[in-house]
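Here the structure comes first, spelled out in structure tokens, and everything after it is commentary.
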Amino acid sequence: MSCFVSGPALAPAQAESVADLRAELTALSSVVADLARELSSGSAASQPDFDGALIDRVERIREELARLTGRTEELEFRIRRTIDEASNRLGDLEFRMTELEGGDTSALPPARPLDSGSGVADGDTPQFAAGEQTAFDSARALADDGDYDAAADALQQFLEFYPGSPIGADASMLLGEMHRARGAEPDAARAYLNLYLADPDGADAPRALLALGESLGRLDQREEACVMFDELLDRFATTPQAYEATEARARLACP
């Protein structure tokens with residue numbers, strides 16, 4: 001094995017995520033281990049290209065390891081801080097939504113961390129319960145017929161009777177639309193907020209945040225609406241909803 005370390009191993013890290021940084025740490029740790037074995041066995045000194053600088057090279061790699069370790073810890077701290085700040089903002093928002101509806105704010109449950117997950121393991125295949133699709137289709141038929149009050153009631157019952165439904169997000173979005181159609185905008189915002197809080201990292205989070213921000217804008221809650229749009233742009237920048245959030249921010253003249 002050559003005693004020289006290739007350039008990329010000592011180049012400044014370009015990683016953008018904790019996973020990338022940990023991969024670099026693993027690779028560098030392996031290089032250090034290999035070099036340490038050479039030093040301890042004495043085989044490096046017998047190689048024709050050995051120039052006596054192997055110990056200096058090991059030290060440089062160790063310095064890079066220390067830098068990467070610090071960078072990883074810093075990034076993890078920033079991620080955790082962002083999650084905590086977003087959790088607090090959403091908790092404040094839920095408090096204000098309850099106030100708008102005239103509800104009892106003292107009965108609100110503790111805020112749930114945004115990284116707590118949806119409780120569904122990766123790879124699980126969604127299963128429909130008996131009558132689940134029929135119940136949703138019936139509620140949607142009421143909506144199509146313009147019976148918004150009955151549709152809202154049916155959708156609310158659907159969400160309560162089938163928690164975690166594979167079509168629960170569609171039901172929540174339609175519920176918000178029904179509340180808006182019947183002139184109950186605070187209830188619409190509540191439906192979108194509940195959808196987002198149910199799975200903040202899920203595939204439906206971007207559309208829930210967009211709908212929530214737009215609903216808050218209609219309620220003249222400009223600051224909170226801008227926060228929701230910013231959350232969408234920060235966490236889901238590559239989604240179609242991010243483009244719509246940019247336009248919505250401009251309409252509200254968000255700072």
Side-chain angles (χ1 to χ4, degrees), residues 16-17 74-118 148 152 155-156 159 168-255:
E16 297 295 335
S17 69
E74 176 190 358
L75 186 55
E76 288 178 331
F77 173 77
R78 287 173 56 192
I79 291 172
R80 170 54 55 187
R81 184 176 62 185
T82 299
I83 289 173
D84 289 344
E85 289 176 352
S87 296
N88 290 335
R89 288 201 300 269
L90 287 170
D92 292 341
L93 176 58
E94 188 165 19
F95 182 90
R96 297 190 65 173
M97 286 302 306
T98 301
E99 283 187 321
L100 281 172
E101 295 174 338
D104 181 7
T105 57
S106 65
L108 288 173
R112 191 185 72 171
L114 293 187
D115 61 347
S116 59
S118 63
Y148 304 132
L155 289 164
Q156 186 63 50
L159 291 169
D170 292 335
S172 293
M173 292 296 295
L174 185 56
L175 175 60
E177 294 173 16
M178 293 302 97
H179 283 317
R180 180 178 307 146
R182 57 193 284 270
E185 194 66 48
D187 289 336
R190 168 72 67 180
Y192 302 136
L193 176 62
N194 287 341
L195 173 58
Y196 179 63
L197 292 176
D199 191 2
D201 299 312
D204 298 299
R207 61 170 174 164
L209 278 174
L210 178 64
L212 175 56
E214 292 173 339
S215 187
L216 290 169
R218 283 186 285 270
L219 287 167
D220 295 326
Q221 302 293 311
R222 175 176 171 272
E223 182 179 351
E224 288 78 4
C226 293
V227 168
M228 294 304 105
F229 295 140
D230 289 343
E231 191 75 13
L232 172 53
L233 290 169
D234 288 344
R235 303 186 66 227
F236 306 101
T238 61
T239 62
Q241 290 81 9
Y243 176 77
E244 296 181 59
T246 301
E247 294 186 328
R249 288 186 86 264
R251 289 195 299 271
L252 287 179
C254 291

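Excluded from the calculations below are hydrogen atoms, water molecules and symmetry mates; all remaining heavy atoms, backbone and side chain alike, are included.
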* Asked: How long is the span from the OH atom in Y192 to the CD atom in E214, to the nearest 0.5 Å?
  -> 8.0 Å
* Structure fact -> d(D199 CG, D201 CG) to nearest 0.5 Å is 6.5 Å
* With side chain to side chain contact (heavy atoms under 4.5 Å, CB included) as the test, would you mind laying out the steps for Y196 and E231 before giving the verdict? => CA-CA 11 Å; Y196 179 63; E231 191 75 13; 4.0 Å; yes
Over all heavy atoms of both residues, which pair between [X] and [Y] is shortest? Give the atoms and the distance, please.
X    : Y    : answer
S215 : R180 : CB-NH2, 4.3 Å
G176 : A188 : O-CB, 3.3 Å
F236 : L209 : CE1-CD1, 4.0 Å
A225 : G213 : CB-O, 3.3 Å
P200 : A205 : O-CB, 3.3 Å
A189 : L219 : CB-CD1, 4.2 Å

* Can L175 and L159 be said to form a side chain to side chain contact (heavy atoms under 4.5 Å, CB included), step by step? -> CA-CA 10 Å; L175 175 60; L159 291 169; 3.8 Å; yes
* Applying side chain to side chain contact (heavy atoms under 4.5 Å, CB included), run through E223 and L216 and close with a yes or a no. => CA-CA 9 Å; E223 182 179 351; L216 290 169; over 6 Å; no
Are the side chains of [Y] and [X] in contact, using a 4.5 Å heavy-atom criterion?
X    : Y    : value
D170 : M173 : no
S172 : N194 : no
C254 : D230 : no

* Asked: Any sub-3.5 Å donor-acceptor pair from R222's side-chain atoms to A253's backbone N or O?
  -> yes
* Give the C-alpha distance, both sets of side-chain angles, the deciding distance and a yes or no for side chain to side chain contact (heavy atoms under 4.5 Å, CB included) between H179 and R190. => CA-CA 10 Å; H179 283 317; R190 168 72 67 180; over 6 Å; no
* With A245, which residues qualify under side chain to side chain contact (heavy atoms under 4.5 Å, CB included), at least two apart? -> L210, F229, L232, L233
